[in-house]
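No experiment lies behind these values; they were computed from the predicted model shown.
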Amino acid sequence: MWFAWLILLVPVFCQENIPSILATPQKQFPVYGIYKLLSSATFSSSPTATSVGWERISLDGSSTEAIVAAVSNGKYHIDDSLVYPHLTINDVSFADDAYFTCFAANVAGKGISNSARVDVIDSPLEVHAIKTEYSPSVGSTVTLQCSVTSGTATSIKWLKNNDIIAMEESTRLTGGTISHPSLISSVEEDDLGYYICRATNGFLTVNTNDIVLVPKGIYYNVRCKDDYYN
């Protein structure tokens with residue numbers, strides 16, 4: 001008896017994908033002149049990536065250039081590890097305002113990360129309360145003093161008991177602007193509370209310490225963080 005065997009060969013296709021990459025942090029605001037700045041990337045790749053690198057893109061998107069650390073006169077250092085690739089930018093200057101992307105390649109092609117933004121600022125933003133305790137008489141005028149001591153603020157806001165004060169809705173309050181950051185008030189009993197002066201430059205937001213306002217003759221509780229004591 002004879003048996004006939006039929007063998008069917010079925011091709012098996014292994015899916016190949018270009019690397020998927022995430023560059024972090026996605027936004028950085030370093031101060032001009034700092035020694036170094038680090039960007040890193042994580043990625044998944046199947047098949048395994050065979051090379052990685054970094055690119056610099058101008059803020060207007062008009063130019064893209066591959067970063068070659070060897071010819072950057074020490075400006076850049078690249079760790080091209082296939083596990084934890086990262087880019088170091090040395091001697092940070094305003095010329096470093098740009099987008100940076102990490103790329104990785106495998107046999108399926110080249111994958112490119114998100115754009116990680118670097119925006120160099122001239123100095124850190126700081127805001128200071130010149131005085132933190134006020135005890136004016138009801139009916140008098142008081143000025144809660146606030147000043148931006150470093151950096152350039154684009155907005156000033158005041159908070160009372162952690163709520164933003166709507167200056168435009170008040171007939172008693174003035175100030176709270178870039179040119180006149182201090183808060184001026186015709187004092188009423190309801191002004192009792194904790195105040196904060198908040199400054200922002202569009203990227204960073206900073207606050208003063210709590211400023212306590214207690215009209216004379218008004219009793220209040222002393223606050224210590226989230227606890228209250230009589």
Side-chain angles (χ1 to χ4, degrees), residues 14-128 148-157 164 178 181 197-208:
C14 295
Q15 185 174 6
E16 296 181 348
N17 296 309
I18 64 173
S20 175
I21 314 166
L22 175 64
T24 58
Q26 297 187 36
K27 289 184 179 181
Q28 294 191 77
F29 305 101
V31 176
Y32 176 88
I34 66 170
Y35 176 59
K36 64 175 58 178
L37 181 68
L38 179 69
S39 291
S40 60
T42 56
F43 65 90
S44 60
S45 177
S46 179
T48 302
T50 56
S51 63
V52 297
W54 290 82
E55 294 177 335
R56 181 187 185 280
I57 305 171
S58 62
L59 291 181
D60 61 6
S62 61
S63 64
T64 299
E65 59 180 332
I67 296 174
V68 182
V71 296
S72 68
N73 294 320
K75 179 64 178 178
Y76 300 108
H77 171 75
I78 295 178
D79 185 330
D80 56 3
S81 163
L82 296 179
V83 177
Y84 179 62
H86 55 273
L87 167 71
T88 301
I89 304 173
N90 296 309
D91 299 323
V92 175
S93 70
F94 293 119
D96 294 316
D97 285 353
Y99 295 102
F100 293 85
T101 61
C102 179
F103 62 85
N106 61 14
V107 296
K110 176 181 176 181
I112 301 177
S113 74
N114 56 297
S115 296
R117 169 76 183 269
V118 171
D119 195 332
V120 182
I121 58 177
D122 57 354
S123 59
L125 183 64
E126 296 180 4
V127 62
H128 177 63
V148 177
T149 56
S150 178
T152 302
T154 57
S155 173
I156 298 289
K157 294 185 183 297
I164 294 177
I178 300 299
C197 179
R198 171 174 293 172
T200 181
N201 59 9
F203 308 111
L204 304 176
T205 297
V206 294
N207 296 332
T208 62

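Checked by atom type and distance alone, the side chain of Ser81 never pairs as donor or acceptor with a backbone atom of Pro85 at under 3.5 Å. Not one N or O on the side chain of Thr101 forms a donor-acceptor pair closer than 3.5 Å with the backbone of Ser113. Judged by distance alone, with hydrogens and angles left aside, the side-chain atoms of Ser150 form a donor-acceptor pair with the main-chain N or O of Pro124 at under 3.5 Å. Of the possible donor and acceptor atoms, one in the side chain of Thr154 sits under 3.5 Å from a partner among the backbone N and O of Thr200.
With sequence neighbours excluded, the residues satisfying side-chain contact (heavy atoms from CB on, under 4.5 Å) with Ala116 are Ala23. For Ser62, the side-chain contact (heavy atoms from CB on, under 4.5 Å) partners at least two apart in sequence or on another chain are Ser58, Asp60. In this view, Thr50 satisfies the side chain to side chain donor-acceptor pair (under 3.5 Å) rule with no residue, not counting sequence neighbours. The disulfide (SG to SG under 2.5 Å) check on Cys197 picks up Cys146, with sequence neighbours excluded. With sequence neighbours excluded, the residues that form a side-chain contact (heavy atoms from CB on, under 4.5 Å) with Ser51 are Ala105. With sequence neighbours left out, Thr208 forms a side chain to side chain donor-acceptor pair (under 3.5 Å) with no residue at all. Here Leu22 pairs with Thr24, Gln26, Thr42, Asn114 under the side-chain contact (heavy atoms from CB on, under 4.5 Å) rule; sequence neighbours left out.
The distance from atom CG of Asp80 to atom CG of Leu87, rounded to the nearest 0.5 Å, is 11.5 Å. Here CG of Asp91 is found 11.5 Å from CG of Leu37. Values are rounded to the nearest 0.5 Å. Here the CZ-CG distance, from Phe29 to Leu204, works out to 6.5 Å after rounding to the nearest 0.5 Å. The distance from the CD1 atom of Ile89 to the CZ atom of Arg56 is 8.5 Å, given to the nearest 0.5 Å. In this structure, the separation between CD1 on Ile112 and CD1 on Ile57 is 7.5 Å, given to the nearest 0.5 Å.
Glu126 has its side chain out of reach of Val206: every pair of non-hydrogen atoms, C-beta onward, lies at least 4.5 Å apart. Put simply, the side chain of Ile178 does not reach to within 4.5 Å of the side chain of Val148, judged on heavy atoms. Between Asn106 and Pro19, some side-chain heavy-atom pair lies under the 4.5 Å cut-off.
Residues Val31 and Ser123 share a closest heavy-atom pair of CG1-CA, 4.1 Å. Taking all atoms of both residues into account, the shortest heavy-atom contact from Ala41 to Ile21 is CB-CG2, 4.0 Å. Scanning all heavy atoms of the two residues, the minimum distance from Val127 to Ala199 falls at CB-CB, 4.2 Å.
Here salt bridge (Lys or Arg N to Asp or Glu O under 4.0 Å) pairs that include residues 95-119, with residues two or more places apart or in two chains, are Glu55-Lys110, Lys75-Asp96, Arg117-Asp119. Residues in residues 78-97 take part in these ring pair (Phe, Tyr, Trp, His ring centres under 6.0 Å) pairs, two or more places apart or across chains: Tyr32-Phe94, Tyr84-His86. Listed by first and then second residue, the salt bridge (Lys or Arg N to Asp or Glu O under 4.0 Å) pairs that reach into residues 26-42 come to none, sequence neighbours excluded.
No option in Asn73, Ile67, Val68 other than Val68 meets the side-chain contact (heavy atoms from CB on, under 4.5 Å) test with Val71.
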